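If you're wondering where the values come from, they're calculated on a predicted model, not measured in any experiment.
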Amino acid sequence: MVRSVIGDETHVERFVESLFQSGTSLQVGVAIGKLGVGSNRDVIFALVPTPPSDRNEVVSFVGQSVEQSISKDADRRKGSKGKSASNARPLQIDADWVGEHGRQVSKMLVGGMSVVGIYIFASENSFKSSMATLWQTLRTVATAASASQDRELDQERLLLHISYSPRRVSCRSCCLESNFNAMSLRPCEWKLGKVVSTLHSFMCLYNFDIRVPVLSNKPPEKGMWEVLLSAVSAEAVRLKSAQAVVDGSLVVQDKPLSAERSHEVELFVPLSCGENLEGEYVGKVAGLAILSGSVQAHAYCLPREPLSHAIEDLKGDIIKSLHSRLDILYDAADQVDKGNLQPDTAQSSETVESKPQNSFICWMENDVEHSCQLPHRVFVPWLAGALACDHLQNGECFQDLIDRCKELLGMSMLPDPSDVLEPEAPVNSLNQKSFWEATGGYPQTFDMQRMLSKGDGRHKSRLVISGVRKVLGNFIAWALIFLSISVIAALLLKQRLQRTLEGPPTQS
């Protein structure tokens with residue numbers, strides 16, 4: 001059965017028309033949408049052009065400079081009807097650059113939206129002679145986008161061809177599970193319809209407090225990053241079994257969406273997921289890593305999708321946001337390691353934070369807890385009121401947000417500062433004594449620059465690392481011994497009192 005792909009009749013059609021009117025002869029970008037919304041049905045919300053690269057042209061004709069290709073192709077579009085070899089010249093694409101664009105865009109999308117493929121604006125002959133190149137580019141984009149969401153690679157993605165000669169739009173479904181062959185690209189039915197304007201919105205403020213041990217047998221440069229990843233993975237396990245309350249009603253079985261377009265969700269997570277982590281931490285415990293804070297999650301769902309899809313998208317959005325924050329901290333730490341960024345970089349006058357942008361790298365003292373703020377999540381209006389998101393580091397300002405929205409999402413109507421939503425509430429400061437200090441232990445110094453080989457987090461969220469010796473084990477052992485002695489003594493005393501009250505045995 002042929003797959004059906006529906007493009008938004010407002011945003012996609014407007015973008016395609018602007019390409020026809022622009023005079024551009026070549027362009028490549030990513031397609032934002034949702035796969036599998038029905039039986040053999042996918043949707044595309046928007047098309048986003050890949051920004052130019054400093055290294056080379058993103059897309060051009062093989063063996064020709066981009067200036068030459070644009071000039072010749074423009075002449076053909078103005079009226080040349082003759083067939084020529086150049087009209088069928090294959091394309092060369094910087095697949096790595098397009099893939100990186102897809103990865104960055106994926107981080108700015110909320111639940112229910114993802115990078116579902118790419119589009120190419122070129123002539124029909126150039127498209128047909130570049131099938132293998134386009135398939136490889138699509139695979140690179142799919143791999144990068146899936147990695148940013150920490151999930152397995154989807155085996156189906158979409159390739160949208162916008163042709164100016166002849167002038168038409170076609171779509172193909174691409175199978176990525178094997179090497180390229182004649183069956184890798186299958187035609188789809190392309191049509192336009194109302195998509196974005198019908199979306200249902202689901203919102204949830206999720207508070208988290210994740211604690212995992214730091215093992216002394218792990219290399220310092222890898223141990224902390226592995227600890228943070230395992231912490232987020234543990235939270236993902238807990239979220240899978242979370243119960244959802246939508247608009248005040250507990251979801252006990254799957255059902256269609258209600259007529260209301262906006263929905264409030266609460267997630268109730270099991271208190272412990274220790275049974276899923278048995279055997280994961282083997283070795284001497286040297287400390288404790290704590291990720292604490294809140295995530296404002298957002299997801300969109302089409303009217304005909306079941307409620308369970310919206311809940312799963314919302315849970316996925318929480319985990320993706322946590323991973324995005326870890327990636328930001330890792331990239332910043334890597335920049336400092338390479339000397340491309342100074343730890344004491346001054347912050348912009350527009351920011352309200354008092355700490356420097358990369359204070360988490362060098363903020364450390366002997367025998368004290370080390371902490372750093374995680375990047376916080378903000379939302380901006382994008383498609384007909386639908387929101388996109390970004391994560392701002394300590395020290396970044398509104399202009400940084402606008403620059404990324406303009407470059408990565410191709411926003412032409414830029415939002416005002418008053419339109420930016422910052423719903424994540426600050427968490428309580430962890431200035432009080434830690435559990436380890438309260439039991440007689442004392443913290444051990446950790447080198448944040450070496451150990452944060454990858455990290456992230458945000459809005460008033462905290463990552464706290466504290467050392468511990470063998471005090472906890474001794475404390476628990478003595479407590480168990482004292483409790484056992486107390487129980488035995490109480491039983492013996494009770495038995496003796498009963499014998500005293502009964503008196504000596506009577507003789508018959």
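- For S294 against N207, the heavy-atom pair with the smallest separation is CB-OD1, 3.2 Å.
- N40 places none of its side-chain heavy atoms less than 4.5 Å from the side chain of V2.
- Here the shortest heavy-atom pairing between A95 and T140 reads O-CG2, 3.5 Å.
- Between atom CG of residue L199 and atom OG of residue S262 there is a gap of 12.0 Å, rounded to the nearest 0.5 Å.
- Residues D94 and S53 share a closest heavy-atom pair of OD2-OG, 4.3 Å.
- The existence of a salt bridge linking R103 and E100 is confirmed by a sub-4.0 Å separation between a basic side-chain nitrogen and an acidic carboxylate oxygen.
- Atom CD1 of I32 sits about 13.0 Å away from atom CG of D8, to the nearest 0.5 Å.
- Side-chain atoms of S22 come within 3.5 Å of backbone atoms of L19 as a donor-acceptor pair (strictly under, hydrogens ignored).
- Panel note: side chain D419, backbone D416; a donor-acceptor pair is recorded below 3.5 Å.
- Atom-to-atom distance recorded for I162:CD1 and L47:CG is 5.5 Å, nearest 0.5 angstrom.
- In this structure, A310 and A299 approach most closely via the heavy-atom pair O-CB, 4.2 Å.
- Contact annotation: the side chain of L158 approaches that of L35 to within less than 4.5 Å [non-hydrogen atoms, C-beta and beyond].
- Contact detail for L314 and C204: the closest heavy-atom pair is CD2-CB, 3.5 Å.
- A salt bridge is absent between R172 and E156; no separation between the charged side-chain nitrogens and carboxylate oxygens falls under 4.0 Å.
- Between the side chain of H101 and the backbone N or O of L408, at least one donor-acceptor pair lies under 3.5 Å.
- Summarising the geometry, atom CD1 belonging to I120 is positioned 8.5 Å from atom CG belonging to L159; distances are rounded to the nearest 0.5 Å.
- Between R404 and L392 the shortest side-chain heavy-atom distance falls below 4.5 Å.
- The pair E124-R168 meets the salt-bridge criterion, with a side-chain N (NZ, NE, NH1 or NH2) lying under 4.0 Å from an Asp/Glu carboxylate O.
- Between the R238 side chain and the S233 main chain, no donor and acceptor come within less than 3.5 Å of each other.
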Q. Can K240 and E312 be said to form a side chain to side chain contact (heavy atoms under 4.5 Å, CB included), step by step?
A. CA-CA 8 Å; K240 285 183 179 179; E312 290 302 316; 6.0 Å; no
Q: For side chain to side chain contact (heavy atoms under 4.5 Å, CB included), just list the numbers for L26 and F121, CA-CA rounded to whole Å, side-chain angles, deciding distance to a tenth of an Å, and then say yes or no.
A: CA-CA 5 Å; L26 290 177; F121 181 62; over 6 Å; no
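- A 4.5 Å side-chain heavy-atom check between Q393 and I328 finds at least one atom pair inside the cut-off.
- Checking side-chain atoms of S146 against main-chain N and O of T143 turns up no donor-acceptor pair under 3.5 Å.
- Between the side chain of H200 and the backbone N or O of E260 there is at least one donor-acceptor pair closer than 3.5 Å.
- Proximity of L192 to I6: side-chain heavy atoms (C-beta onward) are nowhere separated by under 4.5 Å.
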(Q) For a side chain to side chain contact (heavy atoms under 4.5 Å, CB included) check, start with the C-alpha distance between E189 and V5, then their side-chain angles and the critical distance, and finish with the verdict. (A) CA-CA 6 Å; E189 179 189 8; V5 180; over 6 Å; no
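- One N or O on the side chain of R89 and one on the backbone of V62 form a donor-acceptor pair closer than 3.5 Å.
- Within a 6.0 Å sphere centred on CG of D254, other residues, nucleotides and ligands contribute more than 12 heavy atoms.
- A 4.5 Å side-chain heavy-atom check between F379 and D390 finds every atom pair outside the cut-off.
- Taking the six-membered ring wherever Trp is involved, the centroid distance between the rings of F15 and F20 does not fall below 6.0 Å.
- In this pair, H263 and F202 present their aromatic rings parallel. The plane angle is below 30°, not in the 30 to 60° band.
- Taking 4.5 Å as the limit, some side-chain heavy atom of L409 sits within range of a side-chain heavy atom of M108.
- Among R377, Q296, M113, the single residue meeting the side chain to side chain contact (heavy atoms under 4.5 Å, CB included) criterion with D317 is R377.
- The backbone N or O of S130 sits nowhere less than 3.5 Å from a side-chain atom of W135 that would complete a donor-acceptor pair.
- Ring geometry for F208 against Y206 counts as parallel: the plane angle stays under 30°, on a 0 to 90° scale with 60° as the upper cut.
- Residue V58 comes nearest to P51 through the heavy atom pair CG2-O, 3.6 Å, listed as atom of the first residue, atom of the second, then distance.
- Atom CG of residue L257 and atom OG1 of residue T198 lie 10.5 Å apart, to the nearest 0.5 angstrom.
- Of the possible donor and acceptor atoms, none in the side chain of Y119 sits under 3.5 Å from a partner among the backbone N and O of Q27.
- Taking a 6.0 Å sphere around CZ of R304, one finds it holds 12 or fewer heavy atoms contributed by other residues, nucleotides or ligands.
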Q.
For a side chain to side chain contact (heavy atoms under 4.5 Å, CB included) check, start with the C-alpha distance between E305 and K34, then their side-chain angles and the critical distance, and finish with the verdict.
A. CA-CA 11 Å; E305 290 188 270; K34 194 170 187 179; 3.0 Å; yes
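- In summary, the side chains of S126 and S123 do present a donor paired with an acceptor at a separation below 3.5 Å, with no hydrogens or angles considered.
- To the nearest 0.5 Å, the span separating SG on C188 from CG on L160 amounts to 10.0 Å.
- L109 places a side-chain heavy atom less than 4.5 Å from the side chain of K320.
- Using modelled atom types, one finds no donor on one side chain facing an acceptor on the other under 3.5 Å when comparing S324 with H391.
- With W97 contributing its side chain and T50 its backbone, the two residues share no donor-acceptor pair below 3.5 Å.
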